[in-house]
Protein chains: 2
Amino acid sequence: MVETVVPQADTDVLDLGAVLRALADEHRRAVMIELAADRSDGERTCHSFNLPVSKQTRTYHFRTLRDAGLICETNYGNKKGVRLRRAEIDRRFPGLLDLLAAEFSQVNPAS
Amino acid sequence: MVETVVPQADTDVLDLGAVLRALADEHRRAVMIELAADRSDGERTCHSFNLPVSKQTRTYHFRTLRDAGLICETNYGNKKGVRLRRAEIDRRFPGLLDLLAAEFSQVNPAS
DNA sequence: CAACAGGTACGTCCAATGTCGTACCTCAGT
DNA sequence: ACTGAGGTACGACATTGGACGTACCTGTTG
């Protein structure tokens, strides 16, 4: 089986509107905060985020994040990898990920 | 007639969710981008932003911005002043206003 | 005072959004 | 080959959000 990188956002340039709409949702924001706070930028399973929603809804939210250009997904067939597009985001919106990462410490004081 | 400062956000601390939801809307974002780009932080009339909506809708949007803690409004009876809460925002979300200001140059290349 | 402009309150309306059920797919493990 | 877990597609549904009509208020200006 060949893993395939899911096609990224149609727009090669990140759109602030799409990004902010993506971040406006609590669950998607939680995902982005975790990703932003992890400086190792390792690949995560999208199952590894403990989102309190059904898997259909999870698919929907990750699709939204991908469409906004915030993450890139790798399809392994029966599971999916998620990586933060840190370089692209930092280039277009410097400071945005720092803001989110700061929010992580805000919510997780003991880490 | 005494001008009265409209009571600010109920929550004394800015909430990232509320802020991002406020910024997710195109019109409110346009207002915030203008305010963030004007380093003089002068008071504006909320009529001075050329929002292509009715005045009822305008009231709604400025109320949303105020509730999110992003602006503070002064009531002059028959018109209303708007000021950016730059200090509070910078303290809680450093870099956010820079991001918005950068978007201003993006949209207004000739200024 | 009368007319007018800016603003608010309340209700209504429509489109967008988040949620899930059902059905189906893909791979890993037994 | 079967089963189970993760994932997607499509459709349905309820809620939310942005928009406006109508009515009303407050100052300014003539």
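Order of the sequence lines fixes the chain letters, A, B, ..., with proteins taken first and strands second; residue numbering starts at 1 for each chain. Small disclaimer: the values here were computed from a predicted structure and weren't measured.
- Here B:A30 pairs with nothing under the side chain to side chain contact (heavy atoms under 4.5 Å, CB included) rule; sequence neighbours left out.
- Heavy atoms of other residues, nucleotides or ligands lying less than 6.0 angstrom from CD of B:E26 number 12 at most.
- Comparing C:dG6, D:dG7, C:dC27 against the side chain of A:N78 picks out C:dC27 as the nearest.
- Whole-Å rounding puts the B:H47 NE2 to D:dT28 P distance at 17 Å.
- Checked against salt bridge (charged side-chain N to carboxylate O under 4.0 Å, His left out), A:R44 has the following partners two or more places apart in sequence or in another chain: A:E34.
- Taking CZ of A:F62 as the start and NE2 of A:H47 as the end, the distance is 10.5 Å to the nearest 0.5 Å.
- Atom CZ in B:F49 sits roughly 15 Å away from atom P in C:dG6 (whole-Å rounding).
- Residue contacts for A:K55: at a heavy-atom cut-off of 4.0 Å it reaches a base atom on one of the strands shown.
- A donor-acceptor contact under 3.5 Å is not formed by the side chain of A:K79 with the base of D:dG7.
- Protein atom NZ of B:K80 is 15 Å distant from nucleotide atom C1' of D:dG27, rounded to whole Å.
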**Asked** Could you go step by step and tell me if A:E43 and A:K80 meet the salt bridge (charged side-chain N to carboxylate O under 4.0 Å, His left out) rule?
**Response** CA-CA 10 Å; A:E43 186 174 88; A:K80 209 171 55 176; over 6 Å; no

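- Rounded to a whole Å, the CZ atom of B:R66 is 11 Å from the C1' atom of C:dT8.
- Atom-to-atom distance recorded for A:M32:CE and B:L20:CG is 11.0 Å, nearest 0.5 angstrom.
- Put simply, CD on B:E26 is 15 Å from C1' on C:dA15, counting in whole angstrom units.
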**Fill in**
B/S/- along nucleotides 9-18 of chain D (protein heavy atoms under 4.0 Å) is B-------SB

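- Taking 4.0 angstrom as the limit, A:R58 places a side-chain polar atom (N or O) nearer than this to OP1 or OP2 of D:dG7.
- Atom P of nucleotide D:dT29 and atom OH of B:Y76 are separated by 15 Å, given to the nearest angstrom.
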